[in-house]
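Below is one structure, written out as structure tokens; comments come after it.
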Amino acid sequence: MPTTEVLLETMPDPNLFLRKLLICVSEDPALLHGARFVSNFFQPAEDLLIDLVLTPQTDLAGDDPDRLSSPDALHWAVAVLEEKGFSVAKTCPDASGKPFLRISDIAEVADHHRYDAVVLGCRGIRRLEEHLNTAFKETVFDQNLDFPFWICREPDLTRSGVLLCVDGSKPGLCAADHVGMMCAPEPRHAICVAYLADPNRRDHRDEALILDNAVRMLRANAVAESRISTKVLTAADHAQGILEEAERGRYAAVAVGRAGAGRGMMADWQFGSVSLRLFRELCGASLWVCGYPCKL
């Protein structure tokens, strides 16, 4: 089995890759959290491609006077992005302005067009909640939604930086890969790599190795070392530890791996209790749940 050093040395040049985002758009102009997060977090760039897909309320017959028509909702989202200098040429090629009411449909589009992340605002989060409440099984979830998605629940647009949580597993390194690829061209965002340790089971040499591997993954994606910091967080309640650190550091995003198999607090993750709690409680910061593919 190749070592981490060999895997990183053979990674392709990250500059060859485009960053492709699919932003889910609500029909309520006050709830365009995904579009607002992206327009604030990123700088306009030729390698950043943005498509839109409509995710309205499930009840399409609603008579809310503040609700936009589908074309107007997409137009409003484009305006939010264009105001910050972004160019949004089209909706998702498979969408053509039609609404997507199920998270599985969004997942299918994301997989077909190989988006690097799907950005879920208020309505997109509702679609995911409905999926979790009605059809959630860990194995099925990973099979059907195996792509990075970002949960933008009331993002605080005054924040910056990314809190990257790692545990020594391959998915943790994939999260580092995802953060590095998305953030390398965004110099105003620092990245803090955090290992959340069990306070009753510490191994300082192991912690240092895990953090070093994640840092090297970021550097392999051309993130300047001056933008990277590391820390070990010890908390009996791991989700609470992440929530508190996210608030303390005023991070714009918190990134985690899809499912962990490492030696830290994410060892039993399969979008399990810790990440589900982050999904439901993290506000101010966007939650980046990073799946495959990655370069490992």
Side-chain angles (χ1 to χ4, degrees), residues 18-45 47-56 73-95 99-131 145-157 159-160 162 175 178-179 181-183 185-186 189 251-256 258 271 275 278-279 282-291:
L18 297 175
R19 297 173 293 165
K20 295 178 61 178
L21 298 178
L22 179 64
I23 302 178
C24 295
V25 174
S26 167
E27 290 179 308
D28 186 336
L31 298 178
L32 298 175
H33 296 324
R36 297 185 200 282
F37 171 78
V38 169
S39 68
N40 186 76
F41 187 90
F42 294 98
Q43 296 295 315
D47 75 318
L48 183 62
L49 305 182
I50 299 173
D51 288 344
L52 306 175
V53 64
L54 189 69
T55 51
L74 292 170
H75 176 79
W76 195 284
V78 169
V80 167
L81 291 157
E82 288 184 340
E83 184 181 5
K84 294 292 188 71
F86 292 87
S87 176
V88 185
K90 61 183 182 304
T91 60
C92 169
D94 288 350
F100 278 54
L101 300 180
R102 297 185 304 173
I103 197 71
S104 57
D105 295 330
I106 299 171
E108 184 178 349
V109 169
D111 179 66
H112 180 68
H113 292 284
R114 301 186 65 82
Y115 287 103
D116 295 298
V118 175
V119 185
L120 304 177
C122 185
R123 298 302 178 203
I125 293 171
R126 185 70 57 81
R127 299 289 84 77
L128 181 55
E129 287 174 332
E130 291 169 354
H131 177 81
L145 302 182
D146 197 13
F147 61 91
F149 57 89
W150 300 352
I151 305 296
C152 298
R153 192 189 302 275
E154 300 181 19
D156 181 346
L157 302 184
R159 297 186 178 201
S160 65
V162 179
H178 181 72
V179 170
M181 186 266 292
M182 296 305 303
C183 295
E186 308 295 333
H189 291 295
Y251 295 99
V254 174
V256 298
R258 158 76 71 224
F271 205 68
S275 47
L278 295 178
F279 162 63
L282 183 66
C283 287
S286 171
L287 177 64
W288 294 7
V289 182
C290 307

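Numbers here simply count residues along the sequence, with the first being 1. Keep in mind it's a predicted model, so treat the numbers as computed, not measured.
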#### Entry: Separation between CD of Gln43 and CD of Glu186, rounded to the nearest 0.5 Å
6.0 Å
### Nearest non-hydrogen partners of Val162 and Ala255, listed with the distance
CG1-CB, 4.3 Å
#### Entry: Pairwise distance CG(Leu54) to CG(Leu74) - rounded to 0.5 angstrom
5.0 Å
### Query
Which pair of non-hydrogen atoms, one from Ala175 and one from Cys290, has the smallest distance, and what is that distance?
CA-CB, 3.7 Å
#### Entry: Parallel, tilted or perpendicular: rings of Trp288 and Phe41 (30°, 60°)
perpendicular
### Task
Assess whether side-chain contact (heavy atoms from CB on, under 4.5 Å) is satisfied between Leu48 and Phe86, documenting all intermediate values.
CA-CA 9 Å; Leu48 183 62; Phe86 292 87; 3.7 Å; yes
### Summary
The side-chain contact (heavy atoms from CB on, under 4.5 Å) partners of Val78 (sequence neighbours excluded) come to Leu52, Glu82, Val88
### Task
Using the test side-chain hydrogen bond (donor to acceptor under 3.5 Å, both in side chains), find all partners of Ser39 that sit at least two apart in sequence or belong to another chain.
none
### Query
Taking C-beta and beyond as the side chain, do Val289 and Phe279 meet within less than 4.5 Å on heavy atoms?
no
### Query
So which heavy atom on Val118 is nearest to which on Ala110, and how close?
CG2-CB, 3.5 Å
### Query
Any idea which heavy atoms bring His33 and Glu154 closest together, and the distance?
CD2-N, 3.8 Å
### Query
Could you state the interatomic distance from CD (Glu108) to NE2 (His113), rounded to the nearest 0.5 Å?
9.5 Å
### Message
Evaluate Leu282 against Ile151 for side-chain contact (heavy atoms from CB on, under 4.5 Å), listing each step before the verdict.
### Response
CA-CA 9 Å; Leu282 183 66; Ile151 305 296; over 6 Å; no
### Message
Among Val53, Val80, Leu81, exactly one meets side-chain contact (heavy atoms from CB on, under 4.5 Å) together with Ile23. Which residue is that?
### Response
Leu81
### Task
List in chain and number order the residues that pass side-chain contact (heavy atoms from CB on, under 4.5 Å) with Asp47, two or more places apart in sequence or in another chain; answer none if no residue qualifies.
Leu18, Arg19, Ala45, Pro185
## Note on the structure
The reported gap from CG in Leu157 to CZ in Phe37 (rounded to nearest 0.5 angstrom) is 9.0 Å
### Query
After noting the C-alpha distance and the side-chain angles of Ile106 and Phe149, does the key distance pass the side-chain contact (heavy atoms from CB on, under 4.5 Å) rule?
CA-CA 11 Å; Ile106 299 171; Phe149 57 89; over 6 Å; no
### Spacing of CG belonging to Asp156 relative to OG belonging to Ser286, to within rounding of 0.5 Å
12.0 Å
### Task
May I have the step-by-step check of side-chain contact (heavy atoms from CB on, under 4.5 Å) for Val109 and Tyr115, ending in yes or no?
CA-CA 9 Å; Val109 169; Tyr115 287 103; 4.2 Å; yes
### Summary
Here the pair of heavy atoms bringing Ala285 nearest to Val254 is CB-CG2, 4.2 Å
### Query
Could you state the interatomic distance from CZ (Arg153) to CG (Leu278), rounded to the nearest 0.5 Å?
11.0 Å
### Query
Within the side chain of Asp116, is there an N or O that forms a donor-acceptor pair under 3.5 Å with the backbone of Leu21?
no
